[in-house]
Amino acid sequence: MHLVNSHPYRFRPLCHTQKPYKKSHLSLQTTIYFHPTRFHRHYTAAAIQSTMEAAGTDSDGREFKSPDEMWLEHTGDNNKKTQWYRDGVAYWEGVEASVNGVLGGYGHVNDADVKGSEGFLQTLLAELFVDGGIDRHLVALDCGSGIGRITKNLLIRYFNEVDLLEPVSHFLDAARESLLQENHMASDKHKATNFYCVPLQEFTPDVGRYDVIWVQWCIGHLTDDDFVSFFNRAKIGLKPGGFFVLKENLARSGFVLDKEDRSITRSDSYFKGLFGRCGLHLYNSREQKGLPKELFAVKMYALTTDIPKKVTKTRSKVKANRPGIIK
């Protein structure tokens, strides 16, 4: 058995029949910078290099000595790389545009996922924006938005505008239909604005548009080089003080390649090595709770372009920025 529905734009559960991963013996060499609320890690070149050399497997159980070996085989020339991305989108073009479809048959985890994301987002808004952003026009980008599940159930409740980015056209059509209906019923101060049918590796945001760029269950489709290129381009889309949230599945060590939908599940140390290559600071992270045990662990990362300063505000003011919950 192999990984089920490992689409980077969605959700990636792990079958019980998958053989156990080997434990990693790698450790990160880090330089620690003090911050009033937490430590920030700046990853050294040696740490990044050791992370990139971690061994991994594919969904057939084949072992690779390093990510470079795997990427060379699957995306080693322009034709292979083009096919990699085509295959990933093609897989999801055959999936139903529903919550259960985009969550790979695990539609029942939607509530737990949203609850975990909301708690993390509330903490970040309270710590990073004066008065939780209540006095500013907040704009978010939902990357790998699918049918608009995260926008509808979370982002549109905290942000005045949300743009959606999704390469699978029938998913984006479903999101547009659903959210434009919600726009008519909700306040004009909280709405879905733009719908971009563009893959992550080809997208460049408008300069200084976004307070938060939310990237959930989608970055696994990108090669390491395109991962770095995406975040480097996306940085220009952030307003001063803005930040990224990356929410993804975690391999126990190294990586796991899903050959069916052309995606990769990376380990925590693998991600941190890539963050270093992007020049991003890990401000905070949190593990997702309440998911079935047979699924990959899921972790949320808050990433900033600079080491941010903590600001003081109240929880009540953070909540004041959101309209009623959209069911």
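Side chains are part of it too, since the values below use all heavy atoms of this structure and drop only hydrogens, waters and symmetry mates. Worth saying up front: this structure is predicted, and the values here are computed from it rather than measured.
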Notebook entry, point to check: Can you list the residues that meet the salt bridge (Lys or Arg N to Asp or Glu O under 4.0 Å) rule with Lys299, with sequence neighbours excluded?
Noted result: Asp268
Item checked: Close aromatic pair by centroid cut-off 6.0 Å: Phe203 and Tyr196 -> yes
Margin query: Run the side chain to side chain donor-acceptor pair (under 3.5 Å) test against Ser229 and tell me which residues pass, sequence neighbours left out.
Written below: none
Margin query: What I want to check is whether the side chains of Trp214 and Gln216 have a donor and an acceptor closer together than 3.5 Å.
Written below: yes
Margin query: Would you call the rings of His221 and Trp84 parallel, tilted or perpendicular, taking 30° and 60° as the class edges?
Written below: perpendicular
Checklist line | Pair Tyr301 + Phe275: ring centers closer than 6.0 Å | finding: yes
Next item on the list: Report the C-alpha separation of Asn100 and Ser98 in whole Å, then their side-chain angles, then the decisive distance to 0.1 Å, and conclude whether the side chain to side chain donor-acceptor pair (under 3.5 Å) test is met.
Entry: CA-CA 5 Å; Asn100 201 53; Ser98 66; 5.7 Å; no
Check: In chain order, what residues pass the side chain to side chain donor-acceptor pair (under 3.5 Å) check against Asp306, with sequence neighbours excluded?
Finding: none
Next item on the list: Using the six-membered ring wherever Trp is involved, compare the ring planes of Phe244 and Phe231 and label them parallel, tilted or perpendicular (cut-offs 30° and 60°).
Entry: perpendicular
Notebook entry, point to check: When you look at Asp131 and Arg136, which way does the salt bridge (Lys or Arg N to Asp or Glu O under 4.0 Å) test go after all the steps?
Noted result: CA-CA 9 Å; Asp131 290 334; Arg136 60 194 282 178; over 6 Å; no
Notebook entry, point to check: Would His74 and Gln83 satisfy side chain to side chain donor-acceptor pair (under 3.5 Å), going step by step from the backbone distance to the final call?
Noted result: CA-CA 9 Å; His74 290 278; Gln83 194 62 45; over 6 Å; no
Note to self: Between Asn249 and Thr265, does the side chain to side chain donor-acceptor pair (under 3.5 Å) criterion hold? Intermediate values first, please.
What the structure shows: CA-CA 6 Å; Asn249 297 331; Thr265 302; 5.1 Å; no
